Amino acid sequence: QVQLVESGGGLVQAGDSLRLSCAASGRTFGSRDTGWFRQAPGKEREFVAAISWSGGNRAYADSVKGRFTISRDNTKNTVYLQLNSLKREDTAVYYCAALRFSTGVVRTRPVEYDYWGQGTQVTVSS
């Protein structure tokens, strides 16, 4: 079993930066492909970024490419999402998710992920 806890969200202005963290329990987190998703009010949960268990493969949604960076430190059981040049449309609850069985091929659909955190709110004002 893996438990995920997100942190680092907050209220910022457009153009600002934030770094989200996803801390995991369990010794096997370093072997799990991990992703970040977000959900805005009235919208479906959408893919943001994903990283393979080794960090060798990464993927980003087109809407965040060039602005967001996903990384991980397996010695700390933590995955990060650096958010730069934030826009109002980035406002959402951000969720961390991990796979039970990882292949190193990053996944982009929420249904493919087995473990989820509770989310952290990011609000961007203009």
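Values below: all heavy atoms of this structure, side chains included; hydrogens, waters and symmetry mates excluded. Computed from a predicted model, the values in this text were never measured in an experiment.
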- Decide whether Val79 and Leu4 are clustered together by the hydrophobic rule: side chain heavy atoms of Ile, Leu, Val, Met, Phe, Trp, Tyr closer than 4.5 Å, transitively. yes
Determine all donor-acceptor pairs shorter than 3.5 Å in which one atom belongs to a side chain in residues 9-21; sequence neighbours excluded.
| residue | atom | partner | partner atom | Å |
| --- | --- | --- | --- | --- |
| Asp16 | OD2 | Gln13 | N | 3.1 |
| Ser17 | OG | Asn84 | OD1 | 2.9 |

- Item | Whether over 12 other heavy atoms sit under 6.0 Å from Lys76 NZ | no
- Query: Can you name the nearest heavy-atom pair linking Ala92 to Ala40, along with the distance?
  - Reply: CB-N, 3.8 Å
- Item | Partners meeting salt bridge (Lys or Arg N to Asp or Glu O under 4.0 Å) with Lys87 (sequence neighbours left out) | none
- Task: Identify, with sequence neighbours excluded, every residue that meets salt bridge (Lys or Arg N to Asp or Glu O under 4.0 Å) alongside Arg32.
- Result: none
- Item | Counterpart residues, ring-ring contact (aromatic ring centres under 6.0 Å, His included), relative to Tyr113 (two or more places apart) | Phe37
- Query: Roughly how far, to the nearest 0.5 Å, is the CG atom of Asp90 from the OG atom of Ser63?
  - Reply: 7.0 Å
- Partners of Thr103 by side-chain hydrogen bond (donor to acceptor under 3.5 Å, both in side chains), sequence neighbours excluded? Arg107
- Message: Return the CZ to CG distance between Phe68 and Leu86, rounded to the nearest 0.5 Å.
- Response: 5.0 Å
Please tabulate, one pair per line, all N/O donor-acceptor pairs under 3.5 Å involving side-chain atoms of residues 53-61, not counting sequence neighbours.
| residue | atom | partner | partner atom | Å |
| --- | --- | --- | --- | --- |
| Ser54 | OG | Gly56 | N | 3.2 |
| Asn57 | ND2 | Gly104 | O | 2.7 |
| Arg58 | NE | Gly55 | O | 3.4 |
| Arg58 | NH1 | Ile70 | O | 2.7 |
| Tyr60 | OH | Ile70 | N | 3.0 |

- Message: Would a single hydrophobic cluster contain both Leu81 and Val106, if residues Ile, Leu, Val, Met, Phe, Trp and Tyr are joined by side-chain heavy-atom contacts under 4.5 Å?
- Response: no
- Message: Would you say that Phe47 contacts Arg109 through its side chain, given a criterion of any heavy-atom pair below 4.5 Å between the two side chains?
- Response: no
- Item | For Val48 against Val64, the heavy-atom pair lying closest together | O-CG2, 3.5 Å
- Applying salt bridge (Lys or Arg N to Asp or Glu O under 4.0 Å), name anything that partners Arg72, two or more places apart in sequence or on another chain. none
- Using the test salt bridge (Lys or Arg N to Asp or Glu O under 4.0 Å), find all partners of Glu46 that sit at least two apart in sequence or belong to another chain. Arg38
- Item | Distance, nearest 0.5 Å, that separates OH of Tyr80 from CG of Asp73 | 5.0 Å
- Search all heavy atoms of Gly8 against all heavy atoms of Thr120 and return the closest pair with its distance. N-OG1, 4.2 Å
- Message: For residues Trp36 and Val93: do they belong to one hydrophobic cluster (side chain heavy atoms under 4.5 Å, members Ile, Leu, Val, Met, Phe, Trp, Tyr)?
- Response: no
- Item | Those residues that, when tested against Tyr94, pass ring-ring contact (aromatic ring centres under 6.0 Å, His included) (two or more places apart) | none
- Any chain of hydrophobic side-chain contacts (each under 4.5 Å) joining Leu99 to Trp116? yes
- Item | Side-chain heavy-atom pair Val124, Glu89 within 4.5 angstrom cut-off | no
- Item | Gln118 atom CD, over 12 foreign heavy atoms within 6.0 Å | no
- Note on the structure: side-chain hydrogen bond (donor to acceptor under 3.5 Å, both in side chains) filter on Gln39, not counting sequence neighbours, yields Arg45
- Message: Tell me every residue that passes side-chain hydrogen bond (donor to acceptor under 3.5 Å, both in side chains) with Ser126, counting only those two or more places apart in sequence or in another chain.
- Response: none
- side-chain hydrogen bond (donor to acceptor under 3.5 Å, both in side chains) partners for Ser25, two or more places apart: none
